[in-house]
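Down below is the structure, laid out as structure tokens.
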Number of protein chains: 2
Amino acid sequence: MQFSKSTDYALHALIHLGHSERCNNVGIKELSGALGVSESYLSKIMSKLRQDGIVRAVSGVNGGYELARPADQITFLDVIQVIEGRQQLFECSNSSSRQHRLLAEEGAAQRDQNRPRKNECLVEKVMNGAEQHLHQYLQEHTIQSVLDEAFKRCSHEVNKK
Amino acid sequence: MQFSKSTDYALHALIHLGHSERCNNVGIKELSGALGVSESYLSKIMSKLRQDGIVRAVSGVNGGYELARPADQITFLDVIQVIEGRQQLFECSNSSSRQHRLLAEEGAAQRDQNRPRKNECLVEKVMNGAEQHLHQYLQEHTIQSVLDEAFKRCSHEVNKK
DNA sequence: CTAATATAGACCTTTGTTGTCCATAATAAA
DNA sequence: TTTATTATGGACAACAAAGGTCTATATTAG
Ligand code: SF4
Ligand code: SF4
């Protein structure tokens, strides 16, 4: 249970793009150099980010990448979901076991119209809750918020001198 | 980024053990039957749980497993960490890149004695925050809490009739 | 002793991650 | 138009992790 390196790379690439907003179109060479990741692999990742509308790309001479929307509208969750996929944190695999029938719900939810929960069992309820908490936190942090804090630290450093 | 099936199995096995507290020593056959998982594989998982002090096991005739401590002291986090390992959710892989030197911290933390943070950069700060939130939530839910809620549902169902 | 039970290790298959390489398309500039 | 530059997509491979089986071994109640 760990985020993949690709997610790491994607985040850093986006931070780099956000930091270089003024001079549009950062090429894969520059990104690759800054992050220390091969051009081949990184371009795969950038391609994914483009397909999901996180960045824009233009081919040809002087082409490259730029953020498709303001950095404060690109959340950590967005990036993670593009790279890692949108599968649930927990996905039950044996819902046909004896135990499921004994200890889950079945009875209560079906007849109760005021709660249109599909078939959420007690284990899934805990795990989905965990996922929601995680997502909410990750949604509150954006590429911009990292840049802001970096800038704050930097100017604080200058003031001290 | 998903919990493994083993975690699923472990949680269900523990719930079963918690539910059968009275008649000690539940054998692997019974567990395997209840969960619909092969004895071989499930025994691997139970073995791990024993090594980490979640369950006790006794060999020989009438042997089997039982919870090593009360069900309300076995949290979801405990189980997940035994099965998935205790690696961090995010682990930086390229801390020697150009970008790290430009955008991380270095300067600020080293001189400042009132914050003994090791080398937590801004990206790690966000990710570690996410992990902490997740862990806190998972720590608040135990095997017992699931059993309790199952019982509540059940008796509520009975009252309705 | 014997049957039942857990344990540990070897081994295998499937799947996912990380990565390279090459052919192709798009585009700005000469 | 041609050329150099850049991104894109597919094929492929090395490696690691997950999921699972099988067998030999130790432990213990009866
Ligand atoms: S109780 Fe929930 S997690 Fe368990 S088998 Fe049923 S659906 Fe799956
Ligand atoms: S800034 Fe943080 S996450 Fe990025 S390379 Fe440095 S240590 Fe790693």
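Just so it is clear, the model here is predicted, and its values are computed rather than measured. Numbered from 1 within each chain, the chains take letters A, B, ... in sequence-line order. Only this structure's heavy atoms are used, side chains among them; waters, hydrogens and symmetry mates stay out.
Across the protein-nucleic acid pair, B:I45 atom CD1 and D:dG20 atom P stand 8 Å apart, rounded to whole Å. The CZ atom of B:F3 sits 15 Å away from the C1' atom of D:dA18 (whole-angstrom rounding). Protein atom CG of B:L42 is 17 Å distant from nucleotide atom P of D:dA18, rounded to whole Å. Whole-Å rounding puts the A:E39 CD to C:dC22 C1' distance at 14 Å. We find that NZ of B:K29 is positioned 14 Å from P of C:dT7, with the value rounded to whole Å. In this structure, NZ of B:K48 is placed 13 Å from P of C:dA8, rounded to the nearest angstrom. The distance from atom CG of B:L49 to atom P of C:dA6 is 14 Å, rounded to the nearest whole Å. One interatomic measurement links the two molecules: CG of A:N25 to P of D:dT5, which rounds to 17 Å at whole-angstrom precision.
No donor-acceptor distance shorter than 3.5 angstrom exists from the side chain of B:E149 to the backbone of A:L122, with no hydrogens or angles considered. Remark: the backbone N or O of A:T142 is not paired with any side-chain donor or acceptor of A:T75 at under 3.5 angstrom. Here the side chain of B:D8 pairs a donor or acceptor atom with the backbone of A:S93 at under 3.5 angstrom. Looking at B:E124, its side chain never comes within 3.5 Å of a backbone N or O of B:F90 through a donor-acceptor pair. A donor-acceptor pair under 3.5 Å links the side-chain atoms of B:N94 to the main chain of A:L35, judged by distance alone.
As judged by a 4.0 angstrom heavy-atom cut-off over every strand, A:Q51 is placed among residues touching the sugar-phosphate backbone only. As judged by a 4.0 angstrom heavy-atom cut-off over every strand, B:S40 is placed among the base-contacting residues.
Residues of residues 77-95 of chain A having a heavy atom closer than 4.0 Å to DNA chain D: none are found. Annotation: proximity of residues 6-14 of chain B to DNA chain C (heavy atom, distance under 4.0 Å) is found for no residue. Shown for residues 52-70 of chain B: residues whose heavy atoms fall under 4.0 angstrom of DNA chain C, namely B:A57, B:V58, B:S59, B:G60, B:V61, B:N62, B:G63, B:G64, B:Y65.
Checking B:Q139, B:H133, B:H141 one by one against B:Y137, the side-chain contact (heavy atoms from CB on, under 4.5 Å) holds for a single residue, B:H141.
In this structure the side chain of B:H100 reaches within 4.5 angstrom of the side chain of B:S97, judged on heavy atoms. In this structure the side chain of A:Q88 never reaches within 4.5 angstrom of the side chain of A:M127, judged on heavy atoms. Considering only heavy atoms from C-beta on, A:E131 comes within 4.5 Å of A:N128 through its side chain.
The side chain of A:S47 places an N or O atom within less than 4.0 Å of a non-bridging phosphate oxygen (OP1 or OP2) of D:dG9. The side chain of B:S38 places an N or O atom within less than 4.0 Å of a non-bridging phosphate oxygen (OP1 or OP2) of D:dT21.
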Could you pull out all donor-acceptor pairs under 3.5 Å where a side-chain atom in residues 40-50 of chain A meets a protein atom, sequence neighbours excluded?
{"residue": "A:Y41", "atom": "OH", "partner": "A:S6", "partner atom": "OG", "Å": "2.8"}
{"residue": "A:S43", "atom": "OG", "partner": "A:E39", "partner atom": "O", "Å": "3.2"}
{"residue": "A:S43", "atom": "OG", "partner": "A:S40", "partner atom": "O", "Å": "2.7"}

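From A:Q144, atom CD reaches atom CZ of A:F151 across 11.0 Å, with rounding to the nearest 0.5 Å. The distance from atom CG of B:L14 to atom CZ of B:F76, rounded to the nearest 0.5 Å, is 9.5 Å. One finds the CG atom of B:L11 at 6.5 Å from the CD1 atom of B:I80 (value rounded to the nearest 0.5 Å). In this structure, B:L17 CG and B:N25 CG are separated by 10.0 Å, a value rounded to the nearest 0.5 Å.
Around the CD atom of A:Q132, the shell of radius 6.0 Å holds no more than 12 heavy atoms that belong to other residues, nucleotides or ligands.
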Close N or O pairs between protein and nucleotides 10-13 of chain C (under 3.5 Å):
{"residue": "C:dA10", "atom": "N6", "partner": "B:K44", "partner atom": "NZ", "Å": "3.1"}

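Where pairing requires Watson-Crick or G-U contacts shorter than 3.5 Å, the helical stems of DNA chain D with at least three consecutive pairs are C:1-30 with D:1-30.
With DNA chain C read from its 5' end, the first of the two nearest nucleotides for A:V37 and B:R50 is the one closest to B:R50. DNA chain D is contacted by both A:I28 and A:M1; A:I28 maps to the nucleotide lying nearer its 5′ end (nearest heavy atom per residue).
Of the N and O atoms on the side chains of A:E140 and A:Q136, at least one donor lies less than 3.5 Å from an acceptor on the other residue. Side-chain contact annotation: A:S145 with A:D148, donor-acceptor N/O pair under 3.5 Å absent.
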